[in-house]
Amino acid sequence: MENIQAVKGMNDILPDQIGWWQFVESTTRKLFERFGYREIRTPVLEKLELFARSIGESTDIVEKEMYTIADSRGEWLALRPEATASIVRAFIQHNLQADPLARKFYAIGPMFRHERPQKGRYRQFHQIDAEAFGVEDPMLDAEVMYMLGLLLRKLGLTAVVLHINSLGCTECRPVFRERLTAFLEQNVGRLCPDCQRRRHTNPLRTFDCKVDRCQAVLAEAPLLLDSICGHCAEHFSRVKGYLEDLRTPYVINPRMVRGLDYYTRTTFEIITDRLGAQNAVGGGGRYDGLVRDLGGPDVPGIGFAIGMERLILLLQQEQPAPVGVPPVFIAVLGERARHRGFLLSQEIRELGLEVELDYERRSLKSQMRRADKLGSRYVLILGDDEIERNQAQLRDMQEKTQSVLPLSDAPAQLKQLMISAA
Ligand code: ATP
Ligand code: MG
C-alpha cells in the first residue's frame, strides 16, 4: 500500500525547523504587547459570505483561491484566506468597541489559499496579523508601520524596503476608477484576457497583473495617487511626516494596489529582492469602511499581515538557526540507580532544566554516546555504588573532567552550573 502523504502545498514544520518559528512567535508577542496589542484567536472556518463581502467578490482570493466547504445544511463555509475579516467579525460580534482594552489585536496562525505551490507560496501558510480599531489619525498609520519595521529589525532582517501608497476613499476612488476604466478601454487590445475582464469588474486590480504586456500598458495609466481628494492627500502627507518623525524610511509606490478590496487611504507592503517572484513579505493598510460594511459601528481600522514562511526563508539566508540549551543527561547503571535516577530526572526538571535519561537499560558506554549526540554539557552518572553513598558522578563533557556530588544537592548544583555555562 502506498504511504499517505500530506496535502499538496501544506507543509509539516518539523522539530529541526521549529526553533525559527518559536523565535519569531515569541519576539512578535513581546513586541506587539508593548504597543498595546492583545492576542485574539478566531476559528479557521468561517461563513463564506464573510470573506466574499469584505475581501471583495472580484478579487483573486475570492474568485479562485478559497477552500470552500458546504456543511450538512447546505451552508457555505470557507477556510480563512486571511485574518482581518475574521477579527472584524469578532470585534462586531462581541461588541469589543465597548472594551477600552480591546482595540488592538494580533493573531498568529494558518491561512489557506488554493494557489500553485512554489517557494514562498503554499496552500496552507501562516501569518502574523495585527489590527487596530477606532483611530482615524495618521499617527496610528505611522505607528503600525513602525511596529512592523521594528519587529523585522528585532528578528535581524535587513534586506527589506517599506513601500507605501494611498488608495483614496469612497469619495475619490470611484472618480478615479472611471478614469482608469476609460484608459483601459482605449487600450483594451493590448490587455490580457483577465485584464480585459477586470476593466469592468475591478479595474484597479490590473495594476497587479503579472503579464508583461499589461505592465507595459499600466506604465502609461493614470495614477490614483495623483487624483486622491484633498482629505486623503492631507492624510497621506501627515502619514509621511510621522514616519519621518519615527525615522522610518519608505518608498512611495503609486502602483501598489493590494489584492483586497477593503483598503482605503494608506496601504503598505514590505518588499524584498531575495525571494524571487514572491517579493512581498507582508502588507496591510487602512480599512475605514469595513467594520460598518460588515454590519458594525462606523469605526475606522488599520492592520497588516506578515507571511511567516517567507519571513523565515529570509531569516535563514541571513543568520544561523537559533539554538536551544542541550539537556542534562542522566546515565544509570543497575536497578537501584535506575529508580533513583528516574526520580532525580523529575527533581531537575522541576527546577527548570531539560533532562534526558536512558529508558532502555543500555550499556553505560552507549548512554554516554547518546549524551554526546544530544550535545549535553553535563552528565550525571549513577551506579548502585553511588546510590549506597548518596552520591552521583558529575561528568563535564566539554572539559572532560569528573567530580562527585551529594545526590540531594545535585539538582541545585546542576542548575548553578547551567546558569554559569549559559
Ligand atoms: P502575493 O502578491 O505574493 O500573492 P498577497 O498580496 O496575496 O501576496 P496578502 O494577502 O497581502 O498577500 O498576505 C500578506 C502576506 O502573506 C504576503 O505578503 C505573503 O508574505 C503572505 N502570503 C500570501 N499568500 C501566501 C501563500 N500562498 N503562501 C505563503 N505566503 C503567503
Ligand atoms: Mg496572492
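In what follows, residues are counted from 1 in the order of the sequence shown. What you see is a predicted model, and the numbers here were worked out from it, not measured in a lab. Just so you know, these numbers use all the heavy atoms, side chains as well, and skip hydrogens, waters and symmetry mates. Counting starts at 1 for both ligands and their atoms, following the listed order.
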Residue and atom name of the nearest protein heavy atom (relative to [atom]), distance in Å to one decimal:
{"atom": "atom 2 (O) of ligand 1", "result": "Arg121 NH2, 4.4 Å"}
{"atom": "atom 21 (C) of ligand 1", "result": "Gly307 CA, 3.5 Å"}
{"atom": "atom 14 (C) of ligand 1", "result": "Gln127 NE2, 3.3 Å"}
{"atom": "atom 26 (C) of ligand 1", "result": "Phe125 CD2, 3.5 Å"}
{"atom": "atom 27 (N) of ligand 1", "result": "Glu115 OE2, 2.6 Å"}
{"atom": "atom 28 (N) of ligand 1", "result": "Tyr122 N, 2.9 Å"}

Can you name the atoms of ligand 1, numbered from 1 with element, that are less than 4.0 Å from a heavy atom of [X]?
{"X": "Ala280", "answer": "17 (C), 18 (O), 19 (C), 20 (O)"}
{"X": "Arg258", "answer": "6 (O), 11 (O)"}
{"X": "Gly282", "answer": "18 (O)"}

Separation between CD of Glu33 and OG1 of Thr28, rounded to the nearest 0.5 Å = 10.5 Å

task = Nearest 0.5 Å please: distance from the CD atom of Glu131 over to the NZ atom of Lys104.
result = 13.0 Å

Ion pair present between [X] and [Y], side-chain N to carboxylate O less than 4.0 angstrom?
{"X": "Arg199", "Y": "Glu185", "result": "yes"}
{"X": "Glu360", "Y": "Arg370", "result": "no"}
{"X": "Glu318", "Y": "Arg274", "result": "yes"}

request  = Assert yes or no for the condition that the ring centre distance of Tyr250 to Phe268 is strictly below 6.0 Å.
outcome  = no

query = Between Arg89 (side chain) and Leu50 (backbone), is there a donor-acceptor pair under 3.5 Å?
reply = no

message = Below the 3.5 angstrom mark, is there an N/O of Val281, backbone or side chain, next to an N/O of ligand 1?
response = yes

message = Evaluate Glu309 for polar contact with ligand 1, using N/O atom pairs at a separation under 3.5 Å.
response = no

inquiry  = My understanding is that we take every heavy atom of each candidate and find the minimum distance to atom 3 (O) of ligand 1. Doing that for Arg310, Lys210, Gln278, Gln118, which one comes out nearest?
reply    = Arg310

ask   = Out of Arg113, Met111, Gln124, Arg123, whose heavy atom is nearest to atom 9 (P) of ligand 1?
value = Arg113

message = Show the nearest heavy-atom pair for residues Arg123 and Tyr67, with the distance to one decimal.
response = CD-OH, 3.2 Å

request  = Determine the interplanar angle of the Phe32 and Tyr37 rings, folded into 0 to 90°, and report it as parallel if under 30°, tilted if 30 to 60°, perpendicular if over 60°.
outcome  = tilted

